[in-house]
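In what follows, a single structure is set out as structure tokens and then discussed.
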Amino acid sequence: MDFLQSIDWMLLLRCFIVGGLICIVGQILIDKTKLTSARILVIFVTTGVILGAVGIYKYVIDFAGCGATVPLLGFGANLAKGAITEAQTSGLLGAFIGGVKASAGGIAAAIFFGYIASLLAKPKIKKQ
């Protein structure tokens, strides 16, 4: 039971609230606009890149932890951070490889678990 005392309950609450708010924005975009899921994904990643590049998103991450890093906004911010860091050390080429280098673990996990899910699921074609 000692592990329960070491949990930062306020951080968990902030994580849940911020992650939930990001999901609410996504759901509103799905319900109230004619944007496709792919376009919403691009909007979220691009917004994360912009907020990460100007340094705003790091404050959201400091406040909410995984509630800010796990959603697509966090992926975009991670891409921007990696590109900026690598560009400072390797120049223009670093700007292109830095984002992928910084996000390689998440990309690899998405591919691996997506593959596992495809083996376990029975996909159906969506009827229009």
Side-chain angles (χ1 to χ4, degrees):
M1 288 298 205
D2 289 335
F3 71 93
L4 289 176
Q5 293 175 342
S6 65
I7 295 174
D8 185 350
W9 293 102
M10 287 307 295
L11 178 59
L12 284 175
L13 180 63
R14 292 190 309 261
C15 176
F16 180 78
I17 289 171
V18 171
L21 288 172
I22 292 169
C23 291
I24 287 171
V25 170
Q27 192 64 49
I28 290 170
L29 290 173
I30 290 169
D31 292 344
K32 302 295 183 187
T33 69
K34 294 186 181 203
L35 293 171
T36 63
S37 298
R39 289 186 183 196
I40 294 169
L41 178 144
V42 170
I43 289 169
F44 274 22
V45 172
T46 305
T47 302
V49 167
I50 293 167
L51 293 175
V54 297
I56 294 172
Y57 206 71
K58 76 175 181 174
Y59 297 111
V60 179
I61 292 170
D62 291 343
F63 176 75
C66 288
T69 58
V70 171
L72 289 170
L73 289 168
F75 177 68
N78 194 34
L79 287 173
K81 180 181 174 186
I84 291 168
T85 302
E86 196 68 27
Q88 291 170 342
T89 58
S90 303
L92 183 60
L93 182 60
F96 292 104
I97 63 172
V100 176
K101 198 173 175 183
S103 304
I107 294 168
I111 292 170
F112 175 75
F113 290 113
Y115 177 72
I116 297 299
S118 74
L119 294 176
L120 300 175
K122 295 181 182 175
K124 297 178 184 174
I125 296 176
K126 186 177 179 181
K127 295 179 183 175
Q128 304 247 350

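What you see below is based on every heavy atom in this structure, not just the backbone, and it leaves out hydrogens, waters and symmetry mates. Numbers here are sequence positions counted from 1.
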Closest approach of [X] and [Y], non-hydrogen atoms and distance?
X	Y	result
L73	F44	CD2-O, 3.1 Å
A64	L11	C-CD1, 4.1 Å
G82	A102	CA-CB, 3.7 Å
C66	P71	O-CD, 3.8 Å
A53	A80	N-CB, 3.8 Å

Distance from [X] atom [atom1] to [Y] atom [atom2], nearest 0.5 Å?
X	Y	atom1	atom2	answer
I84	L79	CD1	CG	11.0 Å
I61	I56	CD1	CD1	12.5 Å
F113	L120	CZ	CG	11.5 Å
T47	I22	OG1	CD1	10.5 Å
I43	L72	CD1	CG	11.5 Å
L29	T36	CG	OG1	11.0 Å

| Pairwise salt bridge (Lys or Arg N to Asp or Glu O under 4.0 Å) hits with a residue in residues 100-120, at least two apart | E86-K101
Can you find a pair of side-chain heavy atoms, one from [X] and one from [Y], that are under 4.5 Å apart?
X	Y	value
F16	L12	no
V60	L51	no
S103	F75	yes
V42	R39	no

Same cluster or not: [X] versus [Y], using hydrophobic residues (I, L, V, M, F, W, Y) connected whenever any side-chain heavy atoms lie under 4.5 Å apart?
X	Y	value
I111	V45	yes
V49	Y59	no
I116	I107	no

| remark: Excluding I28, membership of its hydrophobic cluster (Ile, Leu, Val, Met, Phe, Trp, Tyr; side-chain heavy atoms within less than 4.5 Å) reads M10, L13, I17, L21, I24
